[in-house]
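Counting starts at 1 for both ligands and their atoms, in listed order.
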Amino acid sequence: MPIKLPHTASACRGKSTPPVYNFSGGPGELPAAVLAAAGQAIIEVPEAGLSVLGISHRSDWFRAVVTEAVANLRRLLNIPANYHVLFLQGGSSLQFSMIPMNFLRHRERAADYIVSGYWSAKSVTEARREGQVNVAWDGAAQQYTRLPEPGELQLTQHATYLHYISNETVEGLQFKYIPGPTDVPRICDMSSDFLAQPFDINQYALIYAHAQKNLGPSGVTVVILQDALLADVPKDLPSMLDYRVHIAQSSIYNTPPVFSIYVVLLVTRWLLNEVGGLDAMQNINAQKAQRLYECIDAGGGFYRCRAARTDRSAMNAVFHLPTPELEQSFLQAAQTEGFYGLEGHRAVGGIRASLYNAVSLEAVAALCAFMENFRQRYG
Ligand SMILES: *Cc1c(COP(=O)(O)O)cnc(C)c1O
């Protein structure tokens with residue numbers, strides 16, 4: 001399948017290619033202004049006079065990039081001083097291991113894990129290598145079509161921590177409440193809805209999100225953690241896997257992904273200066289999701305959501321058509337008409353439209369018009 005560039009990039013090239021609306025589940029769409037600035041920076045960062053790909057990570061310029069990116073995240077999320085903000089490598093999958101290495105290894109008590117989908121199931125596999133895990137709830141028997149209600153969680157008394165995923169990217173399930181007791185450190189993978197809406201960081205001991213779904217290119221993962229969590233970290237961890245090492249070196253322990261961090265900085269500037277903060281972002285995202293789910297529901301059952309209504313994700317709408325053959329025709333027609341990235345994750349099939357921050361209301365309107373038209377032809 002040929003890869004078409006998103007409309008923003010084709011516009012940069014100045015060609016009269018048809019618009020391509022990017023609904024990819026990840027790496028996802030980025031804002032046009034960010035892509036333009038990132039493109040420029042590959043040739044020459046204006047204030048440095050060099051390509052971003054050739055600037056030392058020990059330069060004053062890069063230190064300033066990290067400092068500003070951290071400050072912008074602190075501003076966007078109101079992060080207090082007792083939290084550290086880190087830029088790490090290895091994606092969210094490495095966090096599945098690093099978290100239990102630092103916080104579960106050699107501990108007497110179990111950690112609670114909520115298994116609500118494809119990604120949280122993976123997080124448990126890794127945690128079990130490090131210590132005792134209690135699965136507080138498992139949605140596998142219902143093929144991960146809904147999330148638990150608060151009363152359904154079977155929690156350990158004084159668990160070492162509770163881990164969950166705020167937005168299950170593959171199944172399109174998003175928590176509308178914060179699960180778990182207040183006296184257990186709460187750890188959350190926010191990879192696919194970080195910076196899509198405001199949240200209270202004080203409710204969490206640690207949150208993490210790789211960049212490539214909603215805040216930049218792959219290669220960097222944002223970790224925000226409470227200082228108090230570090231009290232009992234084992235002494236013999238490899239340096240690269242020890243949060244304290246990265247904190248001590250302000251995320252420049254070894255060569256970090258300079259370009260990816262720079263683009264994350266550009267995205268935080270876009271959120272602050274163009275969008276106007278996370279309340280405004282949430283408002284736009286809610287409109288996009290409402291529009292798309294209305295369009296799905298209006299089909300008289302032709303489009304069928306995977307997720308239970310109350311647990312539907314504002315970031316990833318996952319749905320099916322009456323037959324796999326119709327789904328194939330849908331994807332083919334969508335591609336011809338300039339919609340990219342709509343195929344569902346290989347674990348669940350069907351269609352997935354990801355509505356990350358940079359996906360415009362206009363793109364969603366175009367998708368809805370296409371879906372309405374397709375249903376009239378085949379429904
Ligand atoms: C995509 C995804 C992951 C996997 O991230 P990698 O950076 O590829 O390791 C983990 N968690 C969630 C919620 C995801 O959406």
Could you go through residues 37-47 and list every donor-acceptor pair under 3.5 Å that involves a side-chain atom there, pairing it with any protein atom two or more places apart or in another chain?
residue: Gln40; atom: NE2; partner: Glu44; partner atom: O; Å: 2.9
residue: Glu47; atom: OE2; partner: Trp61; partner atom: NE1; Å: 2.9

*Would you check if there is a donor-acceptor pair between the side chains of Gln328 and Gln332 at a distance under 3.5 Å?*
no
_Between Tyr356 and Asn316: side-chain donor-acceptor atoms closer than 3.5 Å_ = yes
_All pairs passing ring-ring contact (aromatic ring centres under 6.0 Å, His included) where residues 170-194 contributes a residue, at least two apart_ = Tyr164-Phe175, Phe175-Tyr177
Atom pairs and distances, ligand 1 N/O vs protein N/O under 3.5 Å:
residue: ligand 1; atom: 5 (O); partner: His210; partner atom: ND1; Å: 3.0
residue: ligand 1; atom: 7 (O); partner: Ser92; partner atom: N; Å: 3.1
residue: ligand 1; atom: 7 (O); partner: His210; partner atom: ND1; Å: 2.5
residue: ligand 1; atom: 7 (O); partner: Gln212; partner atom: NE2; Å: 3.0
residue: ligand 1; atom: 9 (O); partner: Ser92; partner atom: N; Å: 3.4
residue: ligand 1; atom: 9 (O); partner: Ser93; partner atom: N; Å: 2.8
residue: ligand 1; atom: 9 (O); partner: Ser93; partner atom: OG; Å: 2.5
residue: ligand 1; atom: 11 (N); partner: Asp189; partner atom: OD2; Å: 2.7
residue: ligand 1; atom: 15 (O); partner: Thr169; partner atom: OG1; Å: 2.4
residue: ligand 1; atom: 15 (O); partner: Lys213; partner atom: NZ; Å: 2.6

*Under a 4.5 Å side-chain heavy-atom rule over Ile, Leu, Val, Met, Phe, Trp and Tyr, are Ile178 and Leu195 clustered together?*
yes
*Mind checking ring pair (Phe, Tyr, Trp, His ring centres under 6.0 Å) for Phe199 and listing every partner two or more places apart, or none if nothing turns up?*
Tyr204
